[in-house]
Amino acid sequence: LANNFLQMFMKKLEVLPNGGFIPERLVVEASNYIMIAVTLAVTWTQLKPLAIPLIVQVLFPLLCFDDADQELWTDDPHEFIRKSNDIMEDYQSQRVGACNLIIDLCKKRTATTLLPTLEFSVNHLKAYKEGAG
C-alpha cells in the first residue's frame, strides 16, 4: 500500500517539470509523504532510482525565484519579505516542502543523494556565474 501511494504522488509531481499544474497543497502533502517514504526500506527501493531526477527536475525548480515571486517583489516588496519569513506560511509552502525533502534525502540517504545533489548545485551555480543560469 505504501508503494501505491508513493507511485501516485510521484505521478502527480512528474507533471511539474513540463509546466503542468497541481495545487500547491498537493505538492506539500506529496513532499511530506515522500519524506516518510525515504526512511522506509520498502518504499526506498522504489524511490532510490528516482531520487536524483526528483531533486533535479521537480524539487530544485520549486526552490527557484519565479515569475510570481518577481511580480510580488515588484508590486509589494514588504509583502514578499513578510511572506518569505512567515512561519505560518511554511506549513503551506511548496518551496519549504521541497527544501525539507531535499534535506531529508541528503541526511537519511547520504550515499545515494548527497554527492549528486552537491554536484548538481555546483554546476548550476557555475552556469549562473557564467551567465547561462
Side-chain angles (χ1 to χ4, degrees):
L1 189 60
N3 279 327
N4 291 339
F5 278 110
L6 180 62
Q7 285 177 349
M8 178 198 62
F9 281 125
M10 294 299 287
K11 276 209 173 296
K12 295 294 182 185
L13 291 176
E14 75 183 17
V15 303
L16 290 175
N18 301 322
F21 172 79
I22 59 173
E24 187 167 342
R25 187 68 189 160
L26 182 57
V27 174
V28 172
E29 294 305 324
S31 297
N32 290 338
Y33 184 81
I34 296 170
M35 277 192 283
I36 294 167
V38 166
T39 62
L40 303 173
V42 68
T43 51
W44 176 245
T45 56
Q46 186 176 358
L47 184 59
K48 185 177 180 177
L50 305 172
I52 299 306
L54 176 68
I55 291 170
V56 171
Q57 297 170 4
V58 176
L59 301 176
F60 182 77
L62 291 174
L63 300 178
C64 295
F65 190 83
D66 60 12
D67 293 337
D69 293 330
Q70 180 62 45
E71 183 179 338
L72 184 57
W73 175 254
T74 303
D75 293 346
D76 190 356
H78 293 285
E79 177 62 15
F80 177 83
I81 292 169
R82 185 203 65 76
K83 189 172 182 173
S84 299
N85 295 299
D86 185 4
I87 292 173
M88 294 310 290
E89 291 277 339
D90 288 354
Y91 294 109
Q92 304 171 31
S93 169
Q94 63 186 9
R95 186 169 282 155
V96 172
C99 187
N100 289 339
L101 180 51
I102 292 171
I103 290 168
D104 266 16
L105 279 163
C106 290
K107 270 184 173 178
K108 294 176 180 163
R109 298 299 179 172
T110 305
T112 304
T113 58
L114 183 60
L115 282 178
T117 302
L118 288 174
E119 288 172 2
F120 170 76
S121 300
V122 167
N123 290 336
H124 194 77
L125 289 171
K126 284 180 183 176
Y128 183 78
K129 181 182 177 184
E130 294 168 2

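Quick note: numbers below take in every heavy atom, side chains included, and nothing from hydrogens, waters or symmetry partners. Note that the numbering runs from 1 along the sequence shown for the chain.
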Taking every heavy atom of I102 against every heavy atom of L63, the minimum-distance pair comes out as CD1-CD1, 3.7 Å
Side-chain heavy atoms nearer than 4.5 Å, only ILVMFWY residues, links allowed to pass through others: does that put L6 and V27 together? yes
Is there a continuous path of hydrophobic side-chain contacts, each under 4.5 Å between heavy atoms, that joins L62 to F120? yes
Nearest heavy-atom contact between T112 and I52 is O-CD1, 4.0 Å
Check whether L50 and M35 end up in the same hydrophobic cluster, where Ile, Leu, Val, Met, Phe, Trp and Tyr are linked by side-chain heavy atoms less than 4.5 Å apart.
yes
CD (Q46) and CG (L40) are apart, to the nearest 0.5 Å, by 12.0 Å
NZ (K107) and OG1 (T39) are apart, to the nearest 0.5 Å, by 13.5 Å
Rounded to the nearest 0.5 angstrom, the CD-CZ distance for Q70 and F80 is 9.0 Å
* To do: May I ask you to test the L1-F5 pair for a side-chain heavy-atom distance under 4.5 Å?
  => yes
Output for pair (L72 CG, S84 OG), nearest 0.5 Å, gives 7.5 Å
Membership question, hydrophobic clusters at under 4.5 Å side-chain separation (ILVMFWY): are W44 and M8 in the same one? yes
Of all heavy-atom pairs linking A98 and S31, the shortest is N-OG, 4.1 Å
message: Tell me if a side-chain donor or acceptor on N85 pairs with a main-chain N or O of I81 at a distance below 3.5 Å.
response: yes
Could you go through R82 and D76, starting from their C-alpha distance and side-chain angles, then the distance that decides it, and tell me whether this counts as side-chain contact (heavy atoms from CB on, under 4.5 Å)?
CA-CA 10 Å; R82 185 203 65 76; D76 190 356; over 6 Å; no
Between T43 and A37, the two heavy atoms sitting closest are OG1-O, 2.6 Å
| said: Please verify the inter-ring angle class for Y33 with F9; under 30° counts as parallel, over 60° as perpendicular, anything in between as tilted. | reply: tilted
One should read off an interatomic distance between H124 NE2 and F60 CZ, to the nearest 0.5 angstrom, of 3.5 Å
**Item:** Atom CG of D75 with >12 non-hydrogen neighbours under 6.0 angstrom
**Value:** yes
From the list L115, L101, T117, side chain to side chain contact (heavy atoms under 4.5 Å, CB included) with C106 holds only for T117
Side-chain atoms of residues 14-24: list all donor-acceptor pairs with protein atoms under 3.5 Å, sequence neighbours left out, distances to 0.1 Å.
unit_1 : atom_1 : unit_2 : atom_2 : d
E24    : OE2    : Q94    : N      : 3.1

Q: Tell me whether L59 is reachable from L26 by hopping between hydrophobic residues (I, L, V, M, F, W, Y) whose side-chain heavy atoms are closer than 4.5 Å.
A: yes
Nearest heavy-atom approach of R109 to T113 is O-OG1, 2.8 Å
Rounding to 0.5 Å, atoms OG (S121) and CG (L125) come to a distance of 6.5 Å
All heavy atoms of D69 vs all of C64, minimum pair found to be OD2-O, 3.9 Å
- Message: Is there a side-chain contact between M10 and L54 in this structure, where contact means two heavy atoms from C-beta onward sitting under 4.5 Å apart?
- Response: yes
